[in-house]
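Some notes on the structure that comes next.
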There are 2 protein chains.
Amino acid sequence: MHIITRNHKHLADRLVGRRKQFTKGCRIVLEALKNTQGTPSAQDIALQLKNSLSNQAPGLTTVYRSLELLARLGIVQVVTFRDGERRYELISPGEHFHHLICEQCGKTTRISACIIDGLAQSISTEYSFMVKSHVLELYGLCKQCNDSTNNAIPNLLVEVS
Amino acid sequence: MHIITRNHKHLADRLVGRRKQFTKGCRIVLEALKNTQGTPSAQDIALQLKNSLSNQAPGLTTVYRSLELLARLGIVQVVTFRDGERRYELISPGEHFHHLICEQCGKTTRISACIIDGLAQSISTEYSFMVKSHVLELYGLCKQCNDSTNNAIPNLLVEVS
DNA sequence: ACTAAAATTGAAAACGATTTCCGTTTCTAT
DNA sequence: ATAGAAACGGAAATCGTTTTCAATTTTAGT
């Protein structure tokens with residue numbers, strides 16, 4: 001955590017207005033994200049910290065604020081699920097990931113390559129739209145859930161893929 | 001509106017449990033969506049209906065329930081914005097669209113072709129993941145907003161694209 | 001170290017979109 | 001017409017997130 005903090009310290013120079021420093025809260029949240037696999041929500045993180053640090057744990061408010069700072073610094077990616085839930089995961093600045101999201105068990109799997117970046121360019125010119133970022137998430141069933149629901153009640157939803 | 005209703009009436013056969021019919025509320029919401037360009041939220045629709053139909057307008061609850069039904073029937077696509085806001089637009093069953101979303105003025109523009117469908121196949125095998133649907137939205141600035149903010153305060157956000 | 005100013009913290013309140021509850025109204029089928 | 005089922009809608013509840021604000025901690029200057 002110290003390493004990450006030091007590596008990205010200069011990024012804080014870009015910040016104006018709001019929270020400006022890697023504060024204690026930030027460091028704790030960053031550490032928590034490093035020690036978590038998966039893509040936890042702010043509340044997940046706050047709860048986990050409460051469990052491990054009890055009264056030393058930063059409050060929910062601070063967790064939210066820290067995540068917001070880390071996202072602004074580019075070392076945390078915010079993943080908004082289709083139901084509006086927001087989850088967070090560590091990245092390197094400039095990186096970003098897309099995910100396979102299992103609709104049954106909620107597990108998220110990163111897709112390594114981004115297939116959109118090239119597309120964004122052609123869109124930019126075709127639609128005169130300045131593309132700055134994008135969201136791509138694939139929903140479905142992971143192997144385990146797919147196997148175990150094969151002989152269950154058929155899904156009557158009309159898929160709007 | 002009658003036409004759409006009639007065209008898709010058979011779809012209602014697939015429904016179980018919850019709301020089962022194209023009720024009055026549904027028809028009114030569907031009509032409202034037809035008469036709206038853009039991608040309104042449930043509250044937008046409810047408000048618009050309240051303005052045009054006053055005490056004949058369906059309540060907010062009914063608007064939500066109707067949209068949920070129409071989405072299940074596949075004739076309404078739910079678009080979840082990055083901030084969690086949910087918006088709705090009319091489609092034909094089986095269709096779906098991606099969007100250019102202006103972060104300044106909120107305008108949404110449909111992208112016609114879907115570039116993901118092919119990708120979904122290769123992902124399916126590569127990750128043993130059964131892809132059922134996906135979300136792709138591009139964020140940035142539309143032409144007007146891009147032009148008008150050129151000499152404004154530079155954006156200090158670190159873009160996490 | 002000491003102090004004053006600035007920034008961070010966190011509990012509680014506010015918020016906003018959505019869902020649930022539940023009594024009332026409208027359909028539908030007999 | 002009547003009974004039972006479904007839909008309606010206002011109010012209350014929920015849930016994740018943001019704001020408020022007083023108290024605490026940190027930072028900078030001496």
Side-chain angles (χ1 to χ4, degrees), chain A residues 5 9 12-32 39-51 53-73 76 78-88 106, chain B residues 5 9 12-32 39-51 53-73 76 78-88 106:
Chain A
T5 304
K9 195 119 208 176
D13 297 343
R14 304 199 202 174
L15 299 173
V16 284
R18 297 171 277 188
R19 176 167 285 76
K20 294 193 175 99
Q21 313 268 345
F22 283 101
T23 59
K24 185 166 50 118
C26 269
R27 274 184 274 112
I28 292 175
V29 170
L30 193 51
E31 183 70 12
T39 309
S41 68
Q43 314 236 13
D44 291 340
I45 296 168
L47 186 62
Q48 184 206 306
L49 288 173
K50 189 62 72 184
N51 289 337
L53 304 177
S54 62
N55 60 62
Q56 298 297 313
L60 186 54
T61 310
T62 299
V63 171
Y64 274 110
R65 283 189 284 225
S66 300
L67 288 169
E68 189 252 8
L69 171 68
L70 296 171
R72 270 191 296 150
L73 293 179
V76 156
V78 184
V79 185
T80 302
F81 283 42
R82 197 162 36 184
D83 63 0
E85 191 181 17
R86 254 175 277 182
R87 299 178 161 270
Y88 303 84
Chain B
T5 305
K9 196 120 205 174
D13 298 343
R14 305 200 201 174
L15 299 173
V16 284
R18 297 171 277 189
R19 176 168 282 75
K20 296 195 174 96
Q21 313 268 345
F22 282 100
T23 59
K24 185 165 51 119
C26 268
R27 273 184 275 111
I28 292 174
V29 169
L30 193 50
E31 183 70 14
T39 309
S41 68
Q43 314 236 13
D44 292 339
I45 296 167
L47 185 63
Q48 185 207 304
L49 289 173
K50 188 62 73 184
N51 288 338
L53 304 178
S54 63
N55 59 62
Q56 299 298 313
L60 186 53
T61 310
T62 299
V63 171
Y64 274 110
R65 284 189 285 223
S66 300
L67 289 169
E68 190 252 10
L69 171 68
L70 296 171
R72 270 190 296 149
L73 292 179
V76 155
V78 183
V79 184
T80 303
F81 281 45
R82 199 160 38 184
D83 64 0
E85 191 181 16
R86 256 175 276 181
R87 297 177 161 272
Y88 303 85

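Since the model is a prediction, treat every value here as computed from it, not as a measurement. In what follows, chains are A, B, ... by sequence order, proteins preceding strands, each numbered from 1.
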Return the value, rounded to whole Å, for the distance between atom CG of A:Leu47 and atom C1' of D:dC15. 15 Å
Nearest-0.5 Å distance that lies between atom CG in A:Leu49 and atom CD in A:Gln56: 11.5 Å
For A:Leu67 and C:dG10, give me the distance from atom CG to atom C1', rounded to whole Å. 16 Å
Results of side chain to side chain donor-acceptor pair (under 3.5 Å) for A:Thr61 - residues two or more places apart only: none
Whole-Å distance, B:Phe81 CZ to C:dG16 C1', equals 16 Å
In whole angstroms, the gap separating C1' of C:dT19 from CG of A:Asp83 amounts to 13 Å
Which angle, rounded to 10°, do you find between the first-five-pair axis and the last-five-pair axis of the helix from C:dA1-D:dT30 to C:dT30-D:dA1? 30°
B:Arg27 CZ - C:dC27 C1' separation (whole Å): 12 Å
Output the distance between atom CZ (A:Phe81) and atom CZ (A:Arg87), rounded to the nearest 0.5 Å. 5.0 Å
4.5 Å side-chain heavy-atom contact, B:Thr23 and B:Cys26: yes
Rounded to the nearest 0.5 Å, how far does CZ of A:Arg27 lie from CG of A:Leu30? 10.0 Å
Measure NZ/A:Lys24 against C1'/D:dT26 and give the value in whole Å, please. 11 Å
What are the atom names and distances for every N/O pair under 3.5 Å that joins the protein to nucleotides 16-22 of chain D?
{"unit_1": "D:dT17", "atom_1": "OP2", "unit_2": "A:Tyr64", "atom_2": "OH", "d": "2.4"}
{"unit_1": "D:dT17", "atom_1": "O5'", "unit_2": "A:Tyr64", "atom_2": "OH", "d": "3.1"}

Check this for me: B:Lys50, atom NZ, are more than 12 non-hydrogen atoms of other residues, nucleotides or ligands nearer than 6.0 Å? yes
Which heavy atom in A:Val78 sits nearest to a heavy atom in A:Ala71, and how many Å separate them? CG2-CB, 4.0 Å
A:Arg72/A:Glu68 ion pair, N-O < 4.0 Å: yes
Round to the nearest Å and state the distance from A:Phe22 atom CZ to D:dT26 atom C1'. 17 Å
If the cut-off is 4.0 Å, is B:Thr62 near the phosphate of D:dA7, judged by side-chain N/O to OP1 or OP2? no
Name the residue from B:Ile45, B:Asp44, B:Asn51 that meets the side chain to side chain contact (heavy atoms under 4.5 Å, CB included) definition with B:Leu47. B:Asn51
Starting at NZ of B:Lys50 and ending at C1' of D:dG10, how long is that distance when rounded to a whole Å? 10 Å
